[in-house]
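Take a look at the structure below.
Naming convention: chains lettered A, B, ... in sequence-line order (proteins, then strands); numbering from 1 in each chain. What you are looking at is a predicted structure, and each value in this text was computed from that prediction instead of being measured.
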Amino acid sequence: MTDNTARLTELAKRRGFFFQSSEAYGGVAGFYVYGPEGATLKENVQDAWRDRFVRREGHMEIESPTVMPEPVFEASGHLDGFDDMILECPECGTSHRADHLVEDNTDIEEAESIPIPEVEEIIAEAELVCPTCGTDLAGEPVDDFNLMFGTNIGPGSSSPGYLRPETAQGIFVEFPRLKEYARGQLPFGVAQVGPAYRNEISPRKGLIRLREFAQAELEHFIDPETDEPPLAEVEDVEVTLYSAAEQDADGGAPQTMTVGEAVAEDVITSDWVAYYLGVAKDWYARIGVDMDRFRYRQHNEGELAHYAADCWDAEADVTAPGAEPDWVEITGFAYRGDYDLSKHGEYADEDFTIFKQYDDPITVERATVDPDMSYLGPEFGGDAAAVADALEALAERDRSAFEGDEVSVDVDGEELTVPVEKTGFAVEETTESGEHITPHVVEPSFGVDRIVYTVLAHSYREEDLGEASEDASGEAASEADDEDEERTVLSLPPEVAPKTVAVFPLMDKDGLGERAREVADELRAAGFEVAYDASGSIGRRYRRQDEVGTPFCVTVDYDTLEDDSVTVRDRDSTAQARVGLDELATRLRTLRAGETSVSDL
RNA sequence: GCGCCGGUGGUCUAGUGGUAGGACCUGAGCCUUCCAAGCUCAUGGCCCGGGUUCAAAUCCCGGCCGGCGCACCA
């Protein structure tokens, strides 16, 4: 941890951005509170995300429960993936997957499904040793290691459930209804912003690894055969790419190129992933991520998740400029193929496919049967249904079997004969207008808390203003040449800053306070997030707002009482301009949108 | 989960076997006509449990929490 990080954390606590939860009871690891400033900042980041990845893309957003029943996670693979057996070597401290040890050193396969006591016995009997240092592992306890938070749905334990480890499953599980909503047409995207839960072994670094965290995930369902992303829209976006090949190479380094070049040179293999890397890069910049401390890194093969075909992470260096980089994964861009929908289709009762209509219907000749059950029933009793199924299968497989007067089928090893006339055998031409396909999924998955932290870290600045202000009165400059003015600033983009404008009376007397409160109230009515502060000197109040990233400060002074004008002060430059109250709200709107700056006023 | 280090007002910190000071912040008042000025006053603290001791915030043990390293990270 750099000094910078410590000071940012201190600021976050003191000014209400984020802090550890339940400290009154000793605290609990991995759970954080967003204070008044932080909650608004996070909300603003999420709104900016919705604006770009839902609204602008024409996608839809849903909100699904955080608790889902166990079978969901049997299908998704999370139950197996989470339920690891961990065995720690008493000598060297290395942790091993107990099931892997058993599989590697015995004839046993699928050791994962063996109960833990038996695994411990097997390890003792087979005299397994630590693969790292050779120490005998007999008698060492095997621990269950489950990263999902479990719970019970309703009374008793007959209906186990889990807190979702990613918001994505809430989308996949509801795919059958969502596709109806989308009227069966690909492509479409479904997003979800909300909490997910992982019972991390060791939560670390404040907001960076939490047990309850917020995700903003987009599941973009596409037809892999025909759907193409609008790559042209982002082909000129410059991105810094750290490919798997570069990571493996000696002296390999990230490369900067346009998205178009990266696709042309096959650095990024999926056009869809490339598209979202381009879109996201501009979005990160928009919310205040410093592009000099940002890169995309490709997962190498060993890192790929069980579902992912190709995956790039957005990474941010959250240390101060010039410090040893500390790269944190803030988003995963994965091409998940049809993994999720196929699995749910397999395990669940409903249909997780889309009917894809052919351009022109095709005609196929098909052999069918329509058995006369009033004959089969009396003839074969309980086997009648099996006979009918066998006839149907036979018709598909070998229509020549129906050419004689009788046809024989095999049911449970018994050969049964049916007159062909009772089978309803026919060869028909049927028209097929399409086929059922399982859509592929492109998934940009954003870690909101890590992004909020990155934005704070990249906005944080300790600034030496040099000799005291040169703006207003010339005398200040002359007498302050021996002491430097310092300040701490969060240069948050106005769009995400918790407060857009702060209103002060220059003095809290002579009616200035009352006038300033009116101005604050008018701005609130006009839709701004407004802070009001009358305490301490004017300079102290500017510094307070600098520390929480408020981009604009409005001061009511004695001239205001005369001519209904106020000063507007810019956080980053500390420049000031005089603005009439009648146009204040309009001016602030253009300032917030970045269309003008205070020095232009 | 293991190892090392740590835990004192809101924040940052000093400190001793006899229950604690500072700085900043915050609040009230005075002063002050635009960038952390000054003065007065005020609020507020030894992580939790057990042990040793006449006496523990201080020493010991355990827990919780944090930082770092290892392991883990679908």
Side-chain angles (χ1 to χ4, degrees), chain A residues 1 5-7 9-16 19-31 35 73 76-84 86-97 132 141 143 145 147-148 165-166 168-169 196 198-206 208-209 299 303-308 311 329 332 334 336 339-340 445 465 468-473 476 479-480 483 485-488 504-510 512 535-547 553-561 566-571 574-576 578:
Chain A
M1 285 257 156
T5 309
R7 286 205 292 272
T9 305
E10 186 267 316
L11 172 73
K13 267 192 274 196
R14 197 162 39 80
R15 291 298 193 189
F19 48 87
Q20 202 182 8
S21 71
S22 301
E23 285 192 300
Y25 290 91
V28 53
F31 295 90
F73 300 108
S76 72
H78 287 102
L79 208 54
D80 274 352
F82 268 147
D83 220 14
D84 294 343
I86 292 293
L87 175 63
E88 187 168 324
C89 173
E91 199 58 39
C92 67
T94 314
S95 286
H96 304 284
R97 287 274 299 262
T132 309
D143 287 323
F145 177 76
L147 276 185
M148 279 199 294
E166 56 177 4
Q169 293 307 322
R198 298 178 191 181
N199 202 358
E200 297 285 353
I201 309 169
S202 171
R204 284 286 166 84
K205 295 183 178 178
I208 300 300
R209 190 184 299 174
H299 282 203
E303 238 178 320
L304 285 176
H306 61 245
Y307 54 72
C311 188
E329 172 195 340
R336 291 174 78 132
Y339 177 87
D340 302 278
S445 170
L465 290 177
S469 59
E470 314 160 39
D471 40 285
S473 53
E479 74 183 55
E483 45 187 297
E485 292 283 332
E486 281 181 19
R487 64 169 186 165
T488 300
F504 316 137
L506 184 58
M507 301 291 147
D508 197 6
K509 62 181 185 185
D510 302 329
L512 292 183
S535 161
S537 74
I538 191 74
R540 179 182 298 275
R541 284 176 264 163
Y542 285 140
R543 294 294 195 271
R544 283 185 189 132
Q545 295 304 321
D546 288 343
E547 271 199 337
C553 293
V554 165
T555 301
V556 168
D557 59 18
Y558 286 94
D559 290 348
T560 310
L561 303 180
V566 292
T567 59
V568 175
R569 176 261 197 186
D570 176 63
R571 175 195 63 205
T574 76
Q576 285 181 312
R578 194 129 202 124

Problem - RNA chain B: 5'-proximal contact among A:Val556 and A:Glu23 (nearest heavy atom) - result: A:Glu23

Problem - Nearest-angstrom distance from the residue atom CZ of A:Arg569 to P of B:C35 - result: 10 Å

Practice task
Classify the side chain of A:Tyr25 versus the base of B:C48 as yes if they form a donor-acceptor pair under 3.5 Å and no if they do not.
Solution key: no

Fill in the blank from the handout: note: A:Leu11, atom CG; B:U11, atom C1'; distance rounded to Å ~ 10 Å

Exercise for the section: Check whether any side-chain heavy atom of A:Ser535 lies under 4.5 Å from a side-chain heavy atom of A:Arg544, and answer yes or no. Expected result: yes

Atom pairs under 3.5 Å, N or O on each side, protein against nucleotides 6-10 of chain B: can you list them with distances?
none

Exercise for the section: Counting heavy atoms from C-beta on, name the nucleotide in B:C68, B:C72, B:C65 closest to the side chain of A:Arg209. Expected result: B:C72

Handout entry: Residue A:Arg204, side-chain heavy atoms: nucleotide from B:G69, B:C34, B:C72 that is nearest
Key = B:G69

Completion exercise
Taken in chain and number order and not counting sequence neighbours, the residues that satisfy side-chain hydrogen bond (donor to acceptor under 3.5 Å, both in side chains) with A:Thr560 are A:Asp557

Handout entry: Integer angstrom distance from the C1' of B:C35 to that of B:G18
Key = 49 Å

Practice task
Describe the nucleic acid contact of A:Glu200 in one word from base, sugar-phosphate, nothing, applying a heavy-atom distance below 4.0 Å.
Solution key: nothing

Exercise for the section: Could you please name the option among B:C70, B:G27, B:C35 that lies closest to any side-chain atom of A:Ser535? Expected result: B:G27

Practice task
Anything below 3.5 Å on both distances counts as a pair; with that, list the stems of at least three consecutive Watson-Crick or G-U pairs involving RNA chain B.
Solution key: B:1-7 with B:64-70, B:10-13 with B:21-24, B:26-30 with B:38-42, B:47-51 with B:59-63

Exercise for the section: Output the distance between atom CG (A:Leu506) and atom OG1 (A:Thr567), rounded to the nearest 0.5 Å. Expected result: 8.0 Å

Handout entry: Whole-Å C1' distance, B:U43 and B:U11
Key = 15 Å

Practice task
State, with a plain yes or no, whether a side-chain heavy atom of A:Thr488 is found less than 4.5 Å away from one of A:Arg7.
Solution key: no

Completion exercise
Residues A:Gly77 and A:Tyr339: closest non-hydrogen pair is CA-OH, 4.1 Å

Practice task
Determine the Euclidean distance between corresponding P atoms of B:G62 and B:C54; express it in Å to zero decimal places.
Solution key: 24 Å

Completion exercise
Sorted by chain and number, sequence neighbours left out, salt bridge (charged side-chain N to carboxylate O under 4.0 Å, His left out) with A:Arg209 holds for none

Problem - Euclidean distance for C1', B:A71 against B:C24 (whole angstrom) - result: 41 Å

Practice task
Take atom P in B:C60 and the same atom in B:G6, then report the distance between them in whole Å.
Solution key: 11 Å

Problem - Flag side-chain contact, heavy atom, 4.5 Å: A:Arg541 against A:Thr555 - result: no

Problem - Between B:U58 and B:G45 - C1' atom distance, rounded Å - result: 15 Å

Practice task
For A:Glu10 and for A:Asn199, find the nucleotide of RNA chain B with the closest heavy atom, then tell me which residue's nucleotide is more 5'.
Solution key: A:Glu10

Completion exercise
Shortest non-hydrogen pair, A:Phe19 vs A:Gly35, comes out as CE2-CA, 4.1 Å

Handout entry: Distance below 4.0 Å between A:Gln20 side-chain N/O and B:C65 OP1 or OP2
Key = no

Problem - A:His78 versus A:Ser76, closest heavy-atom pair with distance - result: ND1-OG, 2.6 Å

Exercise for the section: Measure across A:Asp510 and A:Leu561 and return the closest heavy-atom pair with its distance rounded to 0.1 Å. Expected result: O-CD1, 3.7 Å

Completion exercise
Rounded to whole Å, the CD1-P distance (A:Ile208 to B:G67) equals 11 Å

Exercise for the section: Calculate the interatomic distance between A:Lys205 atom NZ and B:C72 atom C1'; express it in whole Å. Expected result: 14 Å

Completion exercise
Whole-Å distance, A:Gln545 CD to B:C25 P, equals 16 Å

Completion exercise
Separation of B:C73 atom P from A:His299 atom NE2, nearest Å, is 13 Å

Exercise for the section: Without swapping roles, check the side chain of A:Arg487 against the backbone of A:Arg543 for a donor-acceptor pair under 3.5 Å. Expected result: no

Exercise for the section: Could you measure between the two C1' atoms, the one in B:U32 and the one in B:A37, and give it in whole Å? Expected result: 9 Å

Practice task
Nearest 0.5 Å please: distance from the CZ atom of A:Arg15 over to the CD atom of A:Gln545.
Solution key: 8.0 Å

Exercise for the section: Please report the closest heavy-atom contact between A:Gly30 and A:Pro203, naming both atoms and the distance. Expected result: CA-CB, 3.6 Å

Handout entry: Separation between the P atoms of B:C46 and B:G9, rounded to whole Å
Key = 8 Å

Problem - Minimum-distance nucleotide (side-chain atoms of A:Thr574 versus B:C65, B:C35, B:A71) - result: B:C35

Exercise for the section: Report the distance from atom CG of A:Leu506 to atom P of B:U32, rounded to the nearest whole Å. Expected result: 13 Å

Practice task
Could you work out which one of B:C34, B:G1, B:C73 sits closest to the side chain of A:Thr555?
Solution key: B:C34

Pair up each side-chain donor or acceptor in residues 21-28 of chain A with any protein partner under 3.5 Å, not counting sequence neighbours, and list the distances.
{"residue": "A:Ser21", "atom": "OG", "partner": "A:Phe31", "partner atom": "O", "Å": "3.0"}

Fill in the blank from the handout: Rounded to whole Å, the CZ-P distance (A:Phe31 to B:C64) equals 15 Å

Report, one pair per line, the protein and nucleotides 36-39 of chain B atoms (nitrogen or oxygen only) whose separation is under 3.5 Å.
{"residue": "B:A36", "atom": "OP2", "partner": "A:Glu485", "partner atom": "OE1", "Å": "2.5"}
{"residue": "B:A36", "atom": "OP2", "partner": "A:Glu485", "partner atom": "OE2", "Å": "3.3"}
{"residue": "B:A36", "atom": "N7", "partner": "A:Glu486", "partner atom": "O", "Å": "3.2"}
{"residue": "B:A36", "atom": "N7", "partner": "A:Arg543", "partner atom": "NE", "Å": "3.4"}
{"residue": "B:A37", "atom": "OP1", "partner": "A:Arg540", "partner atom": "NH2", "Å": "3.0"}
{"residue": "B:A37", "atom": "OP2", "partner": "A:Ser537", "partner atom": "OG", "Å": "2.7"}

